[in-house]
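The figures here come from the full heavy-atom set of this structure, side chains too, leaving out hydrogens, waters and symmetry mates. We're numbering straight along the sequence, starting at 1.
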Amino acid sequence: MFFGLFFAILIIQRVAELVIARKNEQWMKERGAKEFGQSHYQFMVMIHSAFFVSLLIEGGIYHTGVHPLWKYLLAGFLLTQAGRIWVISSLGKYWNTKIIVLPDTEVVAKGPYKLFRHPNYLIVTVELVLIPLLFNAYWTLIIFAVLNQLILFTRIPVEERALKSETNYERVHIGTPGWIGASKREK
């Protein structure tokens, strides 16, 4: 019962995010935004879709119960969701699941973006550990934690190049750490 409810809420949340992303994409492209990284985006979508299928099979169908520390894992997950909301609200119309850049726009440097350049990738990375661990889905955890890091090795450099070429990104984030965070150095 807990898995089914959790899984349903997770799917509803992701679908809502895709709707937001699509509206933001349309708004940005109407203003001349450019899209980057289309070739790897399809792989990212496949990885995240396969994650849900794997979680449903391992955590739902072959369900062995919840982790003994499930309360802490659930609390950690809820914190990541607060972080996800913070990221989306900080970027506003500029938030997207794709790399879409509006040329000559001031880069967002508020909220979690004051702390590091790619907080959303940190949140997703933590989620891909916490969610499977919550349901003892260890194969899902291992496979998709690794696949996520592999896709980020491609995605982050593409995103950085796009932002540097089209915006004031380099000037704004000259001392901001990458997605793992740390204290920001003075510019």
Side-chain angles (χ1 to χ4, degrees), residues 1-22 37 40-92 95-99 108 110-157 159 176-184:
M1 178 74 173
F2 176 63
F3 177 84
L5 180 62
F6 184 91
F7 192 82
I9 289 170
L10 204 56
I11 294 296
I12 291 166
Q13 177 195 33
R14 294 306 193 266
V15 169
E17 287 176 2
L18 290 175
V19 169
I20 292 167
R22 184 70 183 124
H40 78 262
Y41 183 73
Q42 61 189 342
F43 294 108
M44 192 175 84
V45 170
M46 286 177 6
I47 288 169
H48 286 267
S49 298
F51 169 79
F52 286 106
V53 171
S54 180
L55 181 65
L56 182 61
I57 292 168
E58 188 178 11
I61 295 171
Y62 295 109
H63 186 58
T64 59
V66 293
H67 194 280
L69 300 174
W70 70 270
K71 290 177 185 176
Y72 301 105
L73 295 170
L74 183 60
F77 171 77
L78 293 174
L79 283 174
T80 64
Q81 299 322 288
R84 183 181 283 279
I85 292 166
W86 193 22
V87 162
I88 293 170
S89 64
S90 294
L91 285 179
W95 178 82
N96 211 293
T97 59
K98 298 178 180 178
I99 301 172
V108 173
K110 64 181 182 178
Y113 294 91
K114 285 182 182 180
L115 307 173
F116 38 92
R117 295 186 307 262
H118 303 287
N120 194 62
Y121 300 140
L122 174 61
I123 290 165
V124 170
T125 297
V126 172
E127 281 179 336
L128 291 177
V129 171
L130 291 176
I131 295 169
L133 193 56
L134 182 60
F135 298 103
N136 299 313
Y138 298 109
W139 285 110
T140 301
L141 186 159
I142 293 165
I143 292 166
F144 292 97
V146 170
L147 288 175
N148 183 60
Q149 292 313 299
L150 291 175
I151 198 71
L152 289 180
F153 284 135
T154 299
R155 184 174 177 82
I156 290 174
E159 187 170 333
T176 309
W179 71 275
I180 59 171
S183 60
K184 187 173 177 176

### Query
Around Tyr72, counting heavy atoms of other residues, nucleotides and ligands shown, do more than 12 lie under 6.0 Å from its OH?
no
### Task
Looking only at non-hydrogen atoms, find the nearest pair between Leu55 and Ala137 and report the distance.
CD1-CB, 4.3 Å
### Task
Taking the side chain as every heavy atom from C-beta outward, state whether Ile143 and Phe51 have any pair of such atoms under 4.5 Å apart.
no
### Message
Distance check, rounded to the nearest 0.5 Å: Arg155 atom CZ versus Phe43 atom CZ?
### Response
14.0 Å
### Task
Any chance you could lay out the side chain to side chain contact (heavy atoms under 4.5 Å, CB included) test for Asn148 and Leu152, step after step, and finish with the verdict?
CA-CA 6 Å; Asn148 183 60; Leu152 289 180; 3.7 Å; yes
### Task
Could you walk me through whether Phe77 and Leu134 pass side chain to side chain contact (heavy atoms under 4.5 Å, CB included), step by step?
CA-CA 9 Å; Phe77 171 77; Leu134 182 60; 5.6 Å; no
### Interatomic spacing from CG in Leu74 to NE2 in His67 - rounded to 0.5 Å
13.5 Å
### Query
Which heavy atom of Pro132 sits nearest a heavy atom of Glu127, and at what distance?
CD-O, 3.8 Å
### Message
Can you confirm whether Arg14 sits close enough to Leu10 that some side-chain heavy atom of one is under 4.5 Å from a side-chain heavy atom of the other?
### Response
yes
### Task
Start with the C-alpha gap between Phe135 and Phe6, add the side-chain angles, then the distance that decides, and say whether ring-ring contact (aromatic ring centres under 6.0 Å, His included) holds.
CA-CA 10 Å; Phe135 298 103; Phe6 184 91; 5.2 Å; yes
### Message
Let me confirm one number: the CG-OH distance from Asn96 to Tyr41, rounded to the nearest 0.5 Å.
### Response
7.0 Å
### Message
A side-chain contact here means heavy atoms from C-beta on lying under 4.5 Å apart; do Tyr113 and Val87 qualify?
### Response
yes
### Task
Could you check if a side-chain atom of Arg22 sits within less than 4.5 angstrom of a side-chain atom of Leu18, using non-hydrogen atoms only?
no
### Task
Specify whether Phe7 and Phe52 have parallel, tilted or perpendicular ring planes, treating 30° as the upper limit for parallel and 60° as the lower limit for perpendicular.
perpendicular
### Task
Compare every heavy atom of Ser90 with every heavy atom of Pro112, then report the nearest pair and how far apart it is.
CD-OG, 3.3 Å
### Query
CG/Asn120 to CG/Leu91 distance, rounded to the nearest 0.5 angstrom?
8.0 Å
### Query
Counting only heavy atoms not in Tyr138, do more than 12 sit closer than 6.0 Å to its OH atom?
yes
### Query
With no hydrogens and no angle check, is any side-chain donor or acceptor of Ser49 less than 3.5 Å from a backbone partner on Val45?
yes
### Message
Quick check: do Glu17 and Trp95 have side-chain heavy atoms less than 4.5 Å from each other?
### Response
yes
### Query
Are Ile99 and His40 close enough, and set up right, to give a side chain to side chain contact (heavy atoms under 4.5 Å, CB included), and what steps lead you there?
CA-CA 10 Å; Ile99 301 172; His40 78 262; 3.8 Å; yes
### Summary
Smallest heavy-atom separation, Thr125 atom then Tyr121 atom, equals OG1-O, 2.8 Å
### Task
Over all heavy atoms of both residues, which pair between Leu73 and Leu130 is shortest? Give the atoms and the distance, please.
CD2-CD2, 3.7 Å
### Query
Below 4.5 Å, heavy atoms only, C-beta onward: do Arg84 and Thr80 meet side chain to side chain?
no
#### Entry: Interatomic distance, Thr140 atom OG1 to Leu133 atom CG [nearest 0.5 angstrom]
11.5 Å
### Task
Might you work through the side chain to side chain contact (heavy atoms under 4.5 Å, CB included) test for His48 and Phe144, ending with a clear yes or no?
CA-CA 8 Å; His48 286 267; Phe144 292 97; over 6 Å; no
### Query
Rounded to the nearest 0.5 Å, how far does CE of Met46 lie from CD1 of Ile151?
9.0 Å
